[in-house]
Amino acid sequence: MSQEAAGREQAAVDLDADRHPLENALAVAAITIGVAALILGSIPATHFFGALAAVIGLPLALYSQLISATTNERWLNVIGMVTAFVGGGFALSHGGFTV
């Protein structure tokens, strides 16, 4: 093992924030909105907000995946896509966009 590798500790999630601020912000927004869609969509009383979050979160995650630069950003984007899609499905099963 080389000395430069031995002295450096690896971070758990390294988003390379210095070189990709837009891509990182979109990836974090995608996973945040996706998880919000999943939580709000699974509660019957908040189905409207869950559907709204899914409609915003899924295209946002798809666009973020399109311009992502690192593997860690892509992981967050895929998790955001899946949670937004599943949350949207839950929201639609509870009433969707009806108020």
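- Put simply, the side chain of Leu76 does not reach to within 4.5 Å of the side chain of Asn72, judged on heavy atoms.
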List the atom pairs, donor and acceptor, that lie under 3.5 Å between side-chain atoms in residues 49-69 and the rest of the protein, sequence neighbours left out.
| unit_1 | atom_1 | unit_2 | atom_2 | d |
| --- | --- | --- | --- | --- |
| Ser64 | OG | Ala27 | N | 3.4 |
| Ser64 | OG | Asn77 | OD1 | 2.7 |
| Ser64 | OG | Asn77 | ND2 | 3.3 |
| Gln65 | OE1 | Asn77 | ND2 | 3.4 |
| Ser68 | OG | Gln65 | O | 3.1 |
| Ser68 | OG | Arg74 | NE | 3.1 |

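- Between atom CD1 of residue Ile31 and atom CG of residue Leu26 there is a gap of 13.5 Å, rounded to the nearest 0.5 Å.
- Across all non-hydrogen atoms, the minimal contact from Thr32 to Val28 is OG1-O, 2.7 Å.
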Would you give me the side-chain donor-acceptor pairs under 3.5 Å for residues 91-99, sequence neighbours excluded?
| unit_1 | atom_1 | unit_2 | atom_2 | d |
| --- | --- | --- | --- | --- |
| Ser93 | OG | Phe90 | O | 2.7 |
| Thr98 | OG1 | Gly95 | O | 2.9 |

Practice prompt. Test side chain to side chain contact (heavy atoms under 4.5 Å, CB included) on Met81 and Val78 and set out the steps.
Written response: CA-CA 5 Å; Met81 274 185 255; Val78 169; 4.2 Å; yes
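- Note on residues 37-53: no pairs pass side chain to side chain donor-acceptor pair (under 3.5 Å), not counting sequence neighbours.
- Rounded to the nearest 0.5 angstrom, Leu38 CG and Ile43 CD1 are separated by 10.0 Å.
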